[in-house]
**Student:** 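Can you read through this structure? Questions will come right after.
Counting starts at 1 for both ligands and their atoms, in listed order.
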Amino acid sequence: MTRTTPYGTLEVLNLEEIFKRTCQALTAGAANKPRTIGLTGGSTPKAFYKWVIDNQALTAAQVGHCHWYTSDERHVPLESEDSNFGNAARMLLDPLNVESGHRFPWDTKKTPQEAAKALNEAWNDRYGAEKCFDVCFLGMGDDGHTASWFPGSPLMKANLTNNFTALAVPGKGDRLTITPAGLTRCTQVIIVVTGEAKADRLGRVINSHYTPHTQPVQLLKNCATQVSWWVDEAAASLL
Ligand code: 6PG
């Protein structure tokens, strides 16, 4: 099933199809130009990394061609199990020997504000401030958050112009995240939502009123033409 929504094109796929599509998204594009990828956190990316390695679904050359970032991050050392980049490194980039020059974790040795400033400056020097990731992966929490945009976050009203920012999330610590403006500058945004626990929220996000302050993922409306929702049947059951 494919459906056009105010927040992007939504397709219902099984998990293996989602993972195969993810591989295609990572390997599309020009052979002579590295692809910039914003990975996300949560359980789905970890399942994807394991699937890739178990099934030899990507070669070292394919993975090594990309420039790897995370679209949001907890302000913890890479060694932490809570580090989104650390998990990607341990489960995907290390097994496929991706060179350090293609890895761009947030510098969590700096303060959160300094880390965000450093990433914005390095990004702008390397690729230009007017663009963000070639492919940005996102997930959706059952509270309607995406990236580190949580319900009630001041981020939704902040009108930030940079691609990346730091913010303290009450009860969840310091976070580093792509901004709503940064997301609109991504060429492709892929949001993967799986499992029955997400069904109620997904139904409300897609079918209810636009209330991004309480359902931040609805900010995808601002870049709907670039957004693909890949959802499994369980998550789609209340659409
Ligand atoms: C994170 C992400 C978060 C995640 C969703 C969905 O680092 O945890 O910022 O937005 O993508 O919570 O996670 P699942 O993949 O577990 O559904």
**Student:** Should Lys50 and Asp54 count as an ion pair when the cut-off is N to O under 4.0 Å?
**Tutor:**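 Salt bridge flag = yes for Asp54 with Lys50.
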**Student:** With heavy atoms only and a cut-off of under 4.0 Å, state how Asn84 meets ligand 1: side chain, backbone, both or neither.
**Tutor:**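 Just the side chain.
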**Student:** Quick one: which of Phe164, Tyr127, Phe104 gives a ring-ring contact (aromatic ring centres under 6.0 Å, His included) with Phe133?
**Tutor:**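 Only one of Phe164, Tyr127, Phe104 forms a ring-ring contact (aromatic ring centres under 6.0 Å, His included) with Phe133, namely Phe164.
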**Student:** Output, in order, the C-alpha distance, side-chain angles, deciding distance and verdict of side-chain hydrogen bond (donor to acceptor under 3.5 Å, both in side chains) for Ser148 and Asp72.
**Tutor:** CA-CA 6 Å; Ser148 285; Asp72 83 309; 2.6 Å; yes
**Student:** In the protein, which heavy atom is nearest to atom 13 (O) of ligand 1, and how far is it?
**Tutor:**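 Protein heavy atom at minimum distance: Gly42 CA, 3.7 Å.
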**Student:** Is a side-chain donor or acceptor of Ser83 paired with a backbone partner of Ser80 at a separation under 3.5 angstrom?
**Tutor:**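 Answer holds: no.
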**Student:** Counting both backbone and side chain atoms, is some N or O of Asp72 under 3.5 Å from an N or O of ligand 1?
**Tutor:**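 Yes, since at least one N or O of Asp72 sits under 3.5 Å from an N or O of ligand 1.
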**Student:** Would you tell me which option among Lys198, His145, Lys172 has the nearest heavy-atom contact to atom 3 (C) of ligand 1?
**Tutor:**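 Going through Lys198, His145, Lys172 one by one, His145 has the nearest heavy atom to atom 3 (C) of ligand 1.
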**Student:** Counting non-hydrogen protein atoms only, what is the nearest one to atom 4 (C) of ligand 1? Give residue, atom name and distance.
**Tutor:**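 Answer for atom 4 (C) of ligand 1: Gly41 O, 3.8 Å.
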**Student:** Go through ligand 1 atom by atom and flag the ones less than 4.0 Å from a non-hydrogen atom of Thr44.
**Tutor:**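 Answer, ordered by atom number: 14 (P), 15 (O), 17 (O).
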**Student:** For the backbone of Trp149 and the side chain of Ser153, can you confirm whether one donor and one acceptor N or O come within less than 3.5 Å of each other?
**Tutor:**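 Side chain of Ser153 to backbone of Trp149: no pair is present.
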**Student:** So is Arg74 touching ligand 1 or not, going by heavy atoms under 4.0 Å?
**Tutor:**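 Arg74: in contact with ligand 1 (<4.0 Å).
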**Student:** Look only at the side chain of Glu73 and the backbone of Thr108, and say whether a donor-acceptor pair between them is shorter than 3.5 Å.
**Tutor:**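 Not at all, since once roles are kept as given, no pair shorter than 3.5 Å links the two residues.
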**Student:** If only atom types and distance count, is the side chain of Asp232 paired as donor or acceptor with the main-chain N or O of Gly195 below 3.5 Å?
**Tutor:**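 Yes; judged by distance alone, with no hydrogens or angles, the pair exists.
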**Student:** Does Ala147 reach ligand 1 with a nitrogen or oxygen that is under 3.5 Å from one of the ligand's nitrogen or oxygen atoms?
**Tutor:**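 Between Ala147 and ligand 1, an N or O pair is found under 3.5 Å apart.
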**Student:** Any nitrogen or oxygen of Arg175, side chain or backbone, less than 3.5 Å from one on ligand 1?
**Tutor:**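 So ligand 1 has no N or O lying under 3.5 Å from an N or O of Arg175.
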